[in-house]
Amino acid sequence: MSTDATVASPCINVCRIDEASGWCVGCLRTIDEIAAWSQLSDADKRALRDRLGPRRLQWRRLQRATGAAPAEPA
């Protein structure tokens, strides 16, 4: 399998790591996941993207619980 950009990056150019969660507030990946993206196989990229849906739900719950301003990741 190719490690080309066949699977689009979830990056939306809102690059800031939330200290509490360790996730980028734009794409919800960790700094390690962001750094590794270009080296992942397409299957691994898809698997990571699949984890972002549940992470998005968790992000919303954390935002509500802390009373933080709703920063809506993609």
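What you see is a predicted model; the values in this text were computed from it and never measured.
Cluster annotation: Trp59 and Ile12 are assigned to the same hydrophobic cluster (Ile/Leu/Val/Met/Phe/Trp/Tyr, side-chain heavy-atom contacts under 4.5 Å, transitive). Cluster membership for Leu52 and Val14, using ILVMFWY side-chain heavy atoms within less than 4.5 angstrom, is shared.
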Contacts table for residues 21-29: side-chain donor-acceptor under 3.5 angstrom, sequence neighbours left out:
residue, atom, partner, partner atom, Å
Ser21, OG, Asp18, OD2, 2.9
Ser21, OG, Trp23, N, 3.1

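Checked against side chain to side chain contact (heavy atoms under 4.5 Å, CB included), Cys15 has the following partners two or more places apart in sequence or in another chain: Cys11.
Formation of a donor-acceptor pair under 3.5 Å by the Gln39 side chain with backbone atoms of Ala36 is not found in this model.
Contact of the Leu48 side chain with the Lys45 side chain is not registered, since no non-hydrogen atoms from C-beta on lie closer than 4.5 Å. For the pair Trp37/Val7, a side-chain contact is recorded, criterion being any heavy-atom separation below 4.5 Å from C-beta on.
Atom OG1 of Thr30 is separated from atom CZ of Arg55 by 6.0 Å, given to the nearest 0.5 angstrom. Atom CZ of Arg46 and atom OG1 of Thr6 lie 8.0 Å apart (nearest 0.5 Å).
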